[in-house]
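Not measured: the values here are computed from a predicted model.
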2 protein chains.
Amino acid sequence: MSKVELLPVLEPDADAVPCCPPLSERALTAEESVRTAAMFKALGDPVRLRLFSLVASAEGGEACVCDISDVGVSQPTVSHHLKKLREAGLLTSERRGTWVYYRVAPSVLAAMGNLLATSS
Amino acid sequence: MSKVELLPVLEPDADAVPCCPPLSERALTAEESVRTAAMFKALGDPVRLRLFSLVASAEGGEACVCDISDVGVSQPTVSHHLKKLREAGLLTSERRGTWVYYRVAPSVLAAMGNLLATSS
DNA sequence: ACAGCGCATTGATGAATGTCGAATCAGGGC
DNA sequence: GCCCTGATTCGACATTCATCAATGCGCTGT
């Protein structure tokens, strides 16, 4: 039984990724590239990107799997992709009763957006 | 014909990718997901992301292949990855004499950044 | 307790990907 | 013309990946 957290955002989570100086400013090191590429890779599949956008744009910031499963692939495949997104640190999941809810990991969107920021 | 020239950015180029409503705002369609995922996928490899960052952070906005080839893989592999980035619309290349110079495709960084924009 | 539903895991398979060495192409200088 | 250097292309190989059907697990009513 894990901690039941009700705080919506901004608790000091361990898997936060502070990794990101804007790309236009400084080249990434080899190690930074590995960690950051894993996130881009997670969004680099059409089905996953669609699932992620469905969660990111969902009411209340979260979505039940049953609400986003209609993306043209089988149910196990949806589960597989959601797992990948979780492992990449992009989504978090929580079971409440019958359903499992996914939400976007806080600070991850901001970090990636910052990385691609147009400093020009 | 009002000739717009010399503007550093924002000229209406053909390969611009207008694809992008912020993710937090609206879910992507299947077709949008395919096109956009291709870009994330291109950045989803450590070597490619590093090469891209080297070009993006280079002096004058461009870099010779010879200047960014030291990323731990063979030179044909570097060329292969640069081609992938070119095909994804993220980089453009130009040969000047002996060397080939790469630069970041304008408006692509902005489009991807916009997609990940934190509307919160 | 049992049946039913939601979601995750397993195992298998065909396709895509990253990597290299060798060969090839393109320019510049001798 | 000939060679040297920079860069791309080719062929091959091992690994990873996306996908599915079948199965397992957790929870909820009845």
Side-chain angles (χ1 to χ4, degrees), chain A residues 1-2 4 28 30-31 33-55 58 62-88 90-103, chain B residues 28 30-31 33-55 58 62-103:
Chain A
M1 173 175 303
S2 54
V4 180
L28 270 55
E31 185 189 357
S33 298
V34 171
R35 289 194 292 135
T36 310
M39 297 188 182
F40 283 112
K41 188 176 189 175
L43 295 180
D45 177 87
V47 174
R48 276 199 297 270
L49 181 58
R50 187 119 177 267
L51 288 171
F52 184 80
S53 76
L54 282 165
V55 173
E62 69 178 8
C64 166
V65 176
C66 57
D67 287 331
I68 61 179
S69 294
D70 194 16
V71 289
V73 294
S74 70
Q75 185 268 324
T77 302
V78 169
S79 192
H80 165 73
H81 283 308
L82 288 174
K83 183 179 183 179
K84 282 287 192 71
L85 288 168
R86 227 187 316 130
E87 289 172 347
L90 296 176
L91 292 182
T92 63
S93 67
E94 179 194 0
R95 174 164 218 132
R96 288 205 299 275
T98 305
W99 296 281
V100 175
Y101 294 88
Y102 280 79
R103 51 175 59 236
Chain B
L28 270 55
E31 185 188 357
S33 298
V34 171
R35 289 193 293 137
T36 310
M39 297 189 182
F40 284 112
K41 188 177 189 176
L43 295 181
D45 178 88
V47 174
R48 276 199 298 271
L49 182 59
R50 186 120 178 264
L51 288 171
F52 184 80
S53 76
L54 282 165
V55 174
E62 68 179 10
C64 167
V65 175
C66 57
D67 288 330
I68 62 179
S69 294
D70 193 17
V71 289
V73 294
S74 71
Q75 200 268 335
T77 301
V78 169
S79 192
H80 165 73
H81 284 307
L82 287 173
K83 183 179 184 180
K84 283 287 193 72
L85 288 167
R86 228 187 314 129
E87 290 172 346
L90 296 176
L91 292 181
T92 62
S93 66
E94 180 194 359
R95 171 161 222 133
R96 288 205 300 276
T98 305
W99 296 281
V100 175
Y101 294 88
Y102 279 79
R103 51 175 57 235

Testing C/dA16, C/dT19, D/dT8 for proximity to the side chain of B/R86, the answer is D/dT8
Closest to the side chain of B/D45, out of D/dC20, D/dT8, C/dG18, is C/dG18
Notebook entry, point to check: Is the shortest side-chain N/O distance from B/T77 to OP1 or OP2 of C/dC20 below 4.0 Å?
Noted result: yes
Heavy-atom nearest pair, A/K41 first then A/R48, reads O-NH2, 3.4 Å
Rounded to whole Å, CG of B/D67 lies from P of D/dA7 at a distance of 8 Å
Discussion item. Just so I know, are the side chains of A/L85 and A/L43 near enough to count as touching, which here means a heavy-atom distance under 4.5 Å?
Written reply: yes
Here the distance between atom C1' of C/dG18 and atom CG of B/L82, to the nearest Å, is 14 Å
Counting any heavy atom closer than 4.0 Å, what does B/S79 reach on the DNA or RNA strands: base, sugar-phosphate only, or nothing?
base
Among D/dT9, D/dC20, C/dT19, the one nearest any side-chain atom of B/H80 is C/dT19
Check: A/T36 and B/L49 side chains under 4.5 Å, non-hydrogen atoms: yes
Side-chain contact check for B/P76: nearest option of C/dC7, C/dA22, C/dG18 is C/dA22
- Task: Respond yes when some side-chain nitrogen or oxygen of A/K83 is under 4.0 Å from OP1 or OP2 of C/dC7, and no when none is.
- Result: no
Report yes if at least one side-chain N or O of A/S74 is closer than 4.0 Å to OP1 or OP2 of D/dC20; otherwise report no.
yes
Less than 4.5 Å apart, any side-chain heavy atom of A/L82 and any of A/V100?
no
When rounded to whole Å, the CH2 to P distance for the pair A/W99 and D/dG26 reads 18 Å
Separation of C/dA26 atom P from B/E94 atom CD, nearest Å, is 17 Å
Between CD of B/E87 and P of D/dT9 the distance, given in whole Å, is 9 Å
Exercise for the section: With heavy atoms under 4.0 Å as the rule, sort B/Y101 into base, sugar-phosphate or nothing. Expected result: nothing
Does A/Y102 have A/R86 sitting over its ring (NZ/CZ under 6.0 Å from centre, angle to axis within 45°)?
-> no
For D/dA18, does OP1 or OP2 lie under 4.0 Å from any side-chain N or O of A/K84? yes
Here the distance between atom P of D/dA18 and atom CG of A/L51, to the nearest Å, is 12 Å
* **Under 4.0 angstrom between A/R95 side-chain N/O and D/dC25 OP1 or OP2** => no
note: B/R96, atom CZ; D/dG6, atom C1'; distance rounded to Å ~ 15 Å
Separation of D/dA18 atom P from A/R50 atom CZ, nearest Å, is 17 Å
Among the nucleotides C/dT19, C/dA8, D/dT16, whichever has the atom closest to the side chain of A/V65 is C/dA8
